[in-house]
Amino acid sequence: MRVFVTGGAGYVGSHCVRELCNAGHDVTVFDNLVGGHRQAVDPRATFVAGDLSDTALLGRTFAANRFDAVMHFAALLDVNESTRKPLPYYRNNVAYTVSLLELMQIRGIARLIFSSTCATYGVPPSAPITEDMPQHPINPYGRTKLAIEWALRDSAAAWGLGATALRYFNAAGAASDGTIGEDHRPEYHLIPVVLEAALGKREGIRIFGTDYPTRDGTCVRDYVHVEDLAVVHRLALESQPPGVFCYYNVGTGRGVSVRELVDAAREVTGADIPASPAPRREGDPPELYADPAKITRELGWRPAHTDIRTTIETAWRWHRSHPQGYGE
Ligand code: UFG
């Protein structure tokens, strides 16, 4: 298939682009390189530098290519920042996605895979989280992603869009060959922050909240390996039924607390990694982990990485060999 990938130079996007190229798909990456890195883009893909606000460039790119499908990763994704600066989140994640959908409708492209998030569930009534639980996001980031899920559902009913929302839990790890990985600037995600401390790039880490109603008082998350996420995207693309809105939780089904993760990172790296308690971070739900039964049943997907240590090992390989990430 000829696939147009927004945000294909980003962390999850770049791993998915590689998976699509490996499977023989013809990939065009569209990325403004604000959060992404040109070096992360598979050389087999065509690269277009551009911003989703540039509807003229998008229009020209669509006119010059006959895309069969779109994979849409480009978004702002810092939960905490979204609580302080919601409007850029609504503009980037909602308004620009609506423009993209309008263009797809005009061009007759009726297949989309969308990066949604477990943040659309807010504080779930129980764990693990199933897809039929209510979606009541507690931060602007989650609300922007839910708004697009609604737009996809309505577009499926109104004009035959076939779309899948993949509600990821926490993307983690790096390519098993160590060549691409996570490089956010500034970095705020737990695993890279912990590994930067192991490398001596930070003095230690802060644990945001030690009084949550969880087994050790710290937040519990489901860390799904980025290469497993890449496989899910390809499977969802290849099996997308026409005119239907599909939605899946994408996680391992295992919850790991912040303290457990730091302990696992100490084992993997052999470093001390000083960790000090800090106040809760606004926008963080206490416990999020997936029930992945639906995606296993319907798409046949099972994560290859289910042990947090092996996931951290792949991230460690990347961080050790790329202490400056992708460089300047
Ligand atoms: N944390 C710390 N110290 C740090 C960094 C993080 O204690 O220095 C904690 C956070 O409070 C949270 C957990 O580690 O409890 C994971 O935090 P991340 O920032 O790594 O990830 P989030 O869970 O906040 O966010 C991720 C994705 C979002 C997605 C969200 C769903 O970045 O896109 O998962 O929960 F929406």
Side-chain angles (χ1 to χ4, degrees), residues 7 10-13 35 73-84 89 92-93 114-124 127-129 133 135-149 165-173 182-184 186-198 201-226 229 249-252 255-265 273-290 308 311-312 315:
Y11 171 43
V12 180
F73 296 96
L76 297 182
L77 46 76
D78 181 340
V79 170
N80 182 258
E81 182 185 60
S82 79
T83 65
R84 290 179 277 112
Y89 281 72
N92 277 273
N93 297 3
F114 173 63
S115 300
S116 188
T117 169
C118 63
T120 58
Y121 293 108
V123 179
I129 299 175
M133 283 184 180
Q135 288 176 292
H136 296 307
I138 62 164
N139 50 56
Y141 168 75
R143 285 190 271 274
T144 64
K145 292 288 183 171
L146 181 56
I148 294 304
E149 286 204 16
L166 295 173
R167 297 176 187 159
Y168 324 155
F169 286 64
N170 288 50
E182 190 165 11
D183 181 358
H184 296 114
E187 189 53 81
Y188 56 87
H189 291 95
L190 182 61
I191 294 180
V193 164
V194 164
L195 296 181
E196 285 179 8
K201 289 173 69 183
R202 299 175 185 252
E203 287 191 359
I205 73 136
R206 290 179 298 159
I207 299 183
F208 297 135
T210 53
D211 58 350
Y212 283 102
T214 58
R215 54 184 172 265
D216 62 14
T218 68
C219 285
V220 170
R221 294 287 184 272
D222 183 340
Y223 295 89
V224 55
H225 197 277
V226 66
L229 273 180
N249 287 344
V250 190
T252 66
V256 175
S257 76
V258 174
R259 282 197 199 284
E260 289 164 350
L261 188 144
V262 174
D263 285 343
I273 314 181
S276 50
R280 291 182 180 194
R281 192 175 67 175
E282 191 182 348
D284 279 348
E287 183 168 55
L288 297 170
Y289 65 95
I308 189 65
T311 296
I312 294 173

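As the structure lists them, so they are numbered: ligands from 1, and atoms in each ligand from 1.
At least one N or O atom of F208, backbone or side chain, sits closer than 3.5 Å to an N or O atom of ligand 1. By the 3.5 Å distance cut-off applied to N or O atoms, T117 is not counted among the residues near ligand 1. Between Y223 and ligand 1, a contact under 3.5 Å exists for no N or O pair. Of the N or O atoms in V258, none lie within a sub-3.5 Å distance of an N or O in ligand 1.
More than 12 heavy-atom neighbours from other residues, nucleotides or ligands sit within 6.0 angstrom of CZ on R202.
Ligand 1 lies nowhere less than 4.0 angstrom from a heavy atom belonging to I205.
When side chains are defined from C-beta on, Y141 counts as touching L77, because their heavy atoms get closer than 4.5 Å. Within the 4.5 Å cutoff, side-chain heavy atoms of L195 are placed close to those of I312. Counting only heavy atoms from C-beta outward, the side chains of L261 and I308 approach each other to under 4.5 Å. In this structure, the side chains of E187 and E182 come closer than 4.5 Å at one or more pairs of heavy atoms.
In terms of protein heavy atoms, atom 32 (O) of ligand 1 is closest to H189 NE2, 2.8 Å. The closest protein non-hydrogen atom to atom 25 (O) of ligand 1 is N170 ND2, 4.0 Å. Protein heavy atom closest to atom 5 (C) of ligand 1, with residue, atom name and distance, is Y188 O, 3.4 Å. For atom 31 (C) of ligand 1, the closest non-hydrogen atom on the protein side is C118 SG, 3.3 Å. Looking at atom 3 (N) of ligand 1, its nearest protein heavy atom turns out to be R206 O, 2.7 Å. Scanning the protein heavy atoms around atom 19 (O) of ligand 1, the nearest turns out to be R281 NH2, 3.0 Å. For atom 20 (O) of ligand 1, the closest non-hydrogen atom of the protein is L190 N, 2.8 Å. Of all protein heavy atoms, the one lying nearest to atom 33 (O) of ligand 1 is Y141 OH, 3.1 Å.
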Full working for side chain to side chain contact (heavy atoms under 4.5 Å, CB included) between R280 and Y212: CA-CA 9 Å; R280 291 182 180 194; Y212 283 102; 3.4 Å; yes

Test log, rule side chain to side chain contact (heavy atoms under 4.5 Å, CB included), inputs Y188 and N80: CA-CA 10 Å; Y188 56 87; N80 182 258; over 6 Å; no

Worked verdict on R167 versus Q135 for side chain to side chain contact (heavy atoms under 4.5 Å, CB included): CA-CA 11 Å; R167 297 176 187 159; Q135 288 176 292; 3.2 Å; yes

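Interface atoms of ligand 1 facing C219, defined by a heavy-atom separation under 4.0 Å, are 15 (O). The D284 neighbourhood of ligand 1 comprises atoms 10 (C), 11 (O), 12 (C), 15 (O), 24 (O), with distances under 4.0 Å to a heavy atom of that residue. Shown in contact with I207 at under 4.0 Å from a heavy atom are these atoms of ligand 1, numbered in order with element: 7 (O). Close contacts of ligand 1 with L288, meaning ligand atoms under 4.0 Å from a residue heavy atom, involve 35 (O). Interface of A119 with ligand 1, defined as ligand atoms under 4.0 Å from a residue heavy atom, comprises 36 (F).
Of all the heavy atoms in V79 and G283, the pair that sits closest is CG1-O, 3.7 Å. Across all their heavy atoms, I138 and D284 have their closest contact at CD1-C, 4.3 Å. Among all heavy-atom pairs drawn from G7 and F73, the shortest one is O-CB, 4.0 Å.
Of the heavy atoms in I191, none comes closer than 4.0 Å to ligand 1.
The aromatic rings of H184 and H189 lie tilted to each other, with the angle between the two planes from 30° to 60°.
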